[in-house]
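See structure below.
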Protein chains: 2
Amino acid sequence: MKNYSKQREAILTVLSQTDTHPTANWIYEQVREIIPNISLGTVYRNLSQLSQDGDILSINVGDGFEHFDYDTSPHAHLHCKKCGCIHDARLENDPLAKVAKKTGFTPETTIYVAYGICQNCNTNN
Amino acid sequence: MKNYSKQREAILTVLSQTDTHPTANWIYEQVREIIPNISLGTVYRNLSQLSQDGDILSINVGDGFEHFDYDTSPHAHLHCKKCGCIHDARLENDPLAKVAKKTGFTPETTIYVAYGICQNCNTNN
DNA sequence: TAATAAAATAGTAATCATTACTGATTTGGG
DNA sequence: CCCAAATCAGTAATGATTACTATTTTATTA
């Protein structure tokens with residue numbers, strides 16, 4: 001089935017210790033400090049596998065990069081069009097899953113992305 | 001500012017007449033039946049512009065393609081992991097926008113994507 | 001511990017949706 | 001009609017991601 005690998009463990013460790021919704025390449029750079037000769041392909045393969053297994057979240061905000069999130073609970077992602085940041089916001093429940101089920105769809109993961117201007121860019125620009 | 005072009009009009013016409021959340025390439029193929037020598041780059045440029053202006057919606061479900069939607073109202077997108085289809089579901093309100101505003105974020109567009117198995121794949125497979 | 005098959009890896013090459021570029025054409029205002 | 005800005009067709013370039021291959025690691029069984 002699924003064997004242990006220290007590469008996958010390091011990837012999960014790095015991802016669990018940030019709240020920046022990093023890209024595969026950012027994770028690669030960080031993991032290299034733990035396993036210097038890890039391959040970029042290994043990072044991509046593991047992230048893809050972990051996301052398929054539901055262990056992590058894959059967020060696509062349309063900036064040309066796939067972003068990853070260690071927090072798999074349903075929550076909102078606020079993507080700033082100006083600075084590109086992605087911040088989290090808690091949701092009291094999962095209204096998307098509720099609506100989906102009502103139409104006969106069986107949801108496994110729900111993704112919420114808001115596009116706009118973040119608080120920081122609003123006040124400083 | 002923004003000049004009229006029959007290419008952009010044809011793109012909007014095609015997009016408005018489908019509910020399949022097409023890709024740029026699909027739209028290109030359709031528009032070619034109206035304007036045979038239209039360029040794929042023109043389709044991409046207009047779709048990107050229209051989506052930036054808020055005239056259409058850009059949906060990214062992580063299948064490697066950007067999808068477009070003529071309906072800009074906040075609604076749910078149900079993406080089947082099996083057949084790849086994207087269906088709509090109405091939302092009574094816009095809970096994501098509400099939560100975003102509460103944190104100081106100014107939302108312009110909100111995207112809801114549920115991943116799972118559609119009704120059709122559930123019953124037929 | 002040794003043997004074995006499945007899983008995973010490093011390194012590199014290939015893919016392909018999307019973007020960038022260029023010189024020609026179209027649009028809209030005066 | 002004139003002109004500047006906008007748009008276009010056609011083509012080349014980009015770059016994030018995936019595919020490939022020979023080697024190494026893992027987990028199981030004897």
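In what follows, chains carry the letters A, B, and so on, assigned in the order in which the sequence lines appear, proteins first and then strands, with residues in each chain numbered from 1.
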May I ask you to say whether B:Asp63 pairs ionically with B:Lys81, meaning some side-chain N is under 4.0 Å from a carboxylate O?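 Salt bridge absent between B:Asp63 and B:Lys81.
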Between B:Lys6 and B:Glu9, is there a salt bridge with N-O shorter than 4.0 Å? no
Any chain of hydrophobic side-chain contacts (each under 4.5 Å) joining [X] to [Y]?
X        : Y        : answer
B:Phe65  : B:Leu57  : no
A:Tyr44  : A:Leu15  : yes
B:Val113 : B:Ile117 : no

When the axes are fitted on five pairs at both termini, how much does the helix from C:dT1-D:dA30 to C:dG30-D:dC1 curve, in 10° steps? 40°
Rounded distance in Å - [atom1] ([X]) to [atom2] ([N]):
X       : N      : atom1 : atom2 : value
B:Glu29 : C:dA17 : CD    : P     : 12 Å
A:Phe68 : D:dT17 : CZ    : C1'   : 10 Å
A:Tyr28 : C:dT12 : OH    : P     : 10 Å
A:Ile27 : D:dT17 : CD1   : P     : 11 Å

Does B:Tyr44 make a side-chain N or O approach to OP1 or OP2 of C:dT19 shorter than 4.0 Å? no
B:Ser58 vs B:Glu66, side-chain hydrogen bond (donor to acceptor under 3.5 Å, both in side chains): CA-CA, chis, key distance, verdict: CA-CA 7 Å; B:Ser58 161; B:Glu66 191 173 8; 2.7 Å; yes
[X] side chain near [Y] side chain, heavy-atom distance below 4.5 Å:
X       : Y       : value
A:Gln17 : A:Gln30 : no
A:Arg90 : A:Ser73 : yes
A:Ile34 : A:Val14 : yes

Each nucleotide N or O in nucleotides 1-10 of chain D that has a protein N or O under 3.5 Å away: list the pair and distance.
| from | atom 1 | to | atom 2 | distance (Å) |
| --- | --- | --- | --- | --- |
| D:dA6 | O4' | B:Asn3 | ND2 | 3.4 |
| D:dA6 | O3' | B:Asn3 | N | 3.4 |
| D:dT7 | OP1 | B:Asn3 | N | 3.1 |
| D:dT7 | OP1 | B:Asn3 | O | 3.4 |
| D:dT7 | OP1 | B:Arg8 | NH2 | 3.2 |
| D:dC8 | OP1 | B:Ser5 | OG | 2.6 |
| D:dC8 | OP1 | B:Asn46 | ND2 | 3.4 |
| D:dC8 | OP2 | B:Arg45 | NH1 | 2.3 |
| D:dC8 | OP2 | B:Asn46 | ND2 | 3.1 |
| D:dC8 | O3' | B:Gln7 | NE2 | 3.0 |
| D:dA9 | OP1 | B:Gln7 | NE2 | 3.3 |
| D:dA9 | OP2 | B:Ser39 | N | 3.1 |
| D:dA9 | OP2 | B:Thr42 | OG1 | 2.3 |
| D:dG10 | OP2 | B:Asn37 | O | 3.2 |
| D:dG10 | N7 | B:Ser39 | OG | 2.9 |

Nucleic acid contacts of residues 54-65 of chain B, taken as heavy-atom distances under 4.0 Å to DNA chain C: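 Heavy-atom contacts with DNA chain C come from B:Gly64, B:Phe65.
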Which of residues 14-24 of chain A sit near DNA chain C, with a heavy atom under 4.0 Å from it?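 Those residues whose heavy atoms fall under 4.0 Å from DNA chain C, taken from residues 14-24 of chain A, amount to none.
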In terms of side-chain heavy atoms, does A:Thr42 have a donor or acceptor partner in A:Arg45 at a distance below 3.5 Å?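 Checked: A:Thr42/A:Arg45 side chains pair up, N/O donor to acceptor below 3.5 Å.
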Heavy-atom pair of closest approach, residues A:Val99 and B:Leu91: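 Closest pair (atom of A:Val99, atom of B:Leu91, distance): CG2-CD2, 3.7 Å.
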Under the rule for side-chain contact (heavy atoms from CB on, under 4.5 Å), what residues qualify as partners of B:His21, not counting sequence neighbours? B:His67, B:Asp69, B:His77, B:Ile86, B:Asp88
Which residues pass the side chain to side chain donor-acceptor pair (under 3.5 Å) test with A:Thr18, sequence neighbours left out? A:Thr20
